[in-house]
There are 2 protein chains.
Amino acid sequence: MEAQIDEILRKNQLSVTGSRKRILELFLMSNGALAHGDIEKKTGEKFDRVTVYRTLQTFLEKGIIHTIPTSDNSVLYALCKDNCSEGHHHDDHVHFICQKCAKTICLADVHIPQVKLPGGFLPHDYQMVVTGLCAACR
Amino acid sequence: MEAQIDEILRKNQLSVTGSRKRILELFLMSNGALAHGDIEKKTGEKFDRVTVYRTLQTFLEKGIIHTIPTSDNSVLYALCKDNCSEGHHHDDHVHFICQKCAKTICLADVHIPQVKLPGGFLPHDYQMVVTGLCAACR
DNA sequence: ATTTCGCATGCAACTTTGTTGCAAAAAGAT
DNA sequence: ATCTTTTTGCAACAAAGTTGCATGCGAAAT
Ligand SMILES: [Mn+2]
Ligand SMILES: [Mn+2]
Ligand SMILES: [Zn+2]
Ligand SMILES: [Zn+2]
């Protein structure tokens, strides 16, 4: 794990620092998505709030994590499974949010189906979020 | 319009007040979605911020409006096109967010395609958001 | 039309969340 | 070990959202 973390950071030309290692570790451990608040809680007093914001921002720009839209004024982040690169994400998979345990899971194998849009619209990015009950909660 | 507004409020057993009329009018006028901030700006100093929060909350509960998830810590609201009722929304249409003009459009005619989820997941609600360029901006 | 009652609103105070500038500290390079 | 660049923490701030409570207004009853 330690080695994996280092590799990810190096591969993205990021210096290996305590906060980056820890936050990346959190993502690798939880197979789901994390909100900014989750990370703050789990890192405790270890890092400044601002550092968490900036680290997430950096990871996002480098394509290490991607965002998942939600309807509740929060943004979720999850590790990019595919080979995303700086500025070019392609996580065209469906996300599932459990209404009971609130876990968000990347369904990496479930691709987002294409839809036909009315004339004039030029689509660029598709997002699909399914809410319901996860296997553990149903 | 005035009549339409009154009817919507009455139908939902809501008393007809200034702020509710005004906010509903904003939704009827803009064919797109509105964020809380948009409404605050457009109503100017007319209503208290808290009233806007509470009005949106009420409309949401009554099924007059629905939310649209976004990836930027904002929630968008739009009029329910179908007959949504208290607690039971069924706006299974795709939403389009223009990256240039930032307008969000309900594609009421574009239904969200069904996807097959891995075993165990019990889906309840599907959301699909497409970003790109709208007809006016491309 | 007037009164009554409950719901809606405004205000104040507060909490939470996110941003920015800058100096100190830590990484990486030499 | 020293230098240079990047990252971090802190402080101060701005924006966004919440809550309790007194007042005002809408809708119904008289
Ligand atoms: Mn994902
Ligand atoms: Mn819609
Ligand atoms: Zn669950
Ligand atoms: Zn546009």
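Chain letters run A, B, ... following the sequence lines, proteins first and then strands; every chain starts at 1.
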Original post:
Among all residues two or more places apart in sequence or in another chain, which pass the ring pair (Phe, Tyr, Trp, His ring centres under 6.0 Å) test with B:Phe96?
Top reply: A:Phe121
**OP:** Round to a whole Å and report the spacing from NZ of B:Lys41 to C1' of D:dA15.
**Re:** 11 Å
Subject >> Residue list, side-chain hydrogen bond (donor to acceptor under 3.5 Å, both in side chains) with B:Gln57, at least two apart or on another chain >> reply: B:Glu61
Original post:
A:Leu122: which other cluster members, linking ILVMFWY side chains closer than 4.5 Å, directly or transitively?
Top reply: B:Leu133
Subject >> Distance, rounded to the nearest Å, where A:Lys21 contributes NZ and C:dA26 contributes C1' >> reply: 12 Å
**OP:** Using whole Å, report how far CZ of B:Phe47 lies from C1' of C:dC11.
**Re:** 16 Å
Subject >> Test item: A:Ile8 and A:Phe59 side chains (from C-beta on) under 4.5 Å apart, heavy atoms >> reply: no
**OP:** Using a 4.0 Å heavy-atom cut-off, write out nucleotides 12-25 of chain C from 5' to 3' as B (base contacted by protein), S (sugar-phosphate only) or - (no contact).
**Re:** B----SBBBB----
Under 3.5 Å, which donor-acceptor pairs do the side chains of residues 35-42 of chain A form with other protein atoms, sequence neighbours left out?
unit_1	atom_1	unit_2	atom_2	d
A:His36	NE2	A:Glu40	OE2	2.6
A:Asp38	OD2	A:Ala35	N	2.8

**OP:** Using whole Å, report how far CZ of A:Phe59 lies from P of D:dT7.
**Re:** 11 Å
Subject >> B/S/- contact track for nucleotides 24-30 of chain D, protein heavy atom under 4.0 Å >> reply: --SS---
Original post:
Can you check the A:Asp6 CG to C:dA27 P distance for me, whole Å?
Top reply: 12 Å
**OP:** Please check if A:Leu24 and A:Leu26 belong to a single hydrophobic cluster, counting links between Ile, Leu, Val, Met, Phe, Trp and Tyr side chain heavy atoms closer than 4.5 Å.
**Re:** yes
Original post:
Would you say B:Met128 and A:Ile105 are hydrophobically clustered, going by side-chain heavy atoms of ILVMFWY under 4.5 Å?
Top reply: yes
Subject >> ring pair (Phe, Tyr, Trp, His ring centres under 6.0 Å) partners of A:Phe27, counting only residues at least two apart >> reply: none
Original post:
In whole angstrom, what separates B:Leu9's CG from C:dA8's P?
Top reply: 11 Å
Subject >> Residues forming a side-chain hydrogen bond (donor to acceptor under 3.5 Å, both in side chains) with A:Asp109, sequence neighbours excluded >> reply: none
**OP:** Please report how far the helix from C:dA1-D:dT30 to C:dT30-D:dA1 bends, comparing the axis fitted to its first five pairs with the axis fitted to its last five, to the nearest 10 degrees.
**Re:** 30°
**OP:** Please state how far atom CZ in A:Arg20 lies from atom P in C:dA26, giving the value in whole angstrom units.
**Re:** 15 Å
**OP:** Assign A:Ser19 to base, sugar-phosphate, or nothing according to its heavy-atom contacts below 4.0 angstrom with the strands shown.
**Re:** sugar-phosphate
Subject >> Residue pairs fulfilling salt bridge (charged side-chain N to carboxylate O under 4.0 Å, His left out) with at least one residue in residues 13-22 of chain A, sequence neighbours excluded >> reply: A:Glu2-A:Lys21, A:Arg22-A:Glu25
**OP:** In whole angstrom, give the distance that lies between atom CD of B:Glu61 and atom P of C:dA8.
**Re:** 11 Å
Which protein N or O atoms sit under 3.5 Å from an N or O of nucleotides 1-3 of chain C?
none

Subject >> Cluster link B:Leu34 to B:Leu9, ILVMFWY, side chain under 4.5 Å >> reply: yes
Original post:
Are B:Ile112 and B:His93 side-chain neighbours, meaning at least one heavy-atom pair lies under 4.5 Å?
Top reply: no
Original post:
With sequence neighbours left out, which residue pairs that include part of residues 4-23 of chain B fulfil the ring-ring contact (aromatic ring centres under 6.0 Å, His included) condition?
Top reply: none
Subject >> Cluster check B:Ile68, A:Val115: I/L/V/M/F/W/Y, side chain < 4.5 angstrom >> reply: no
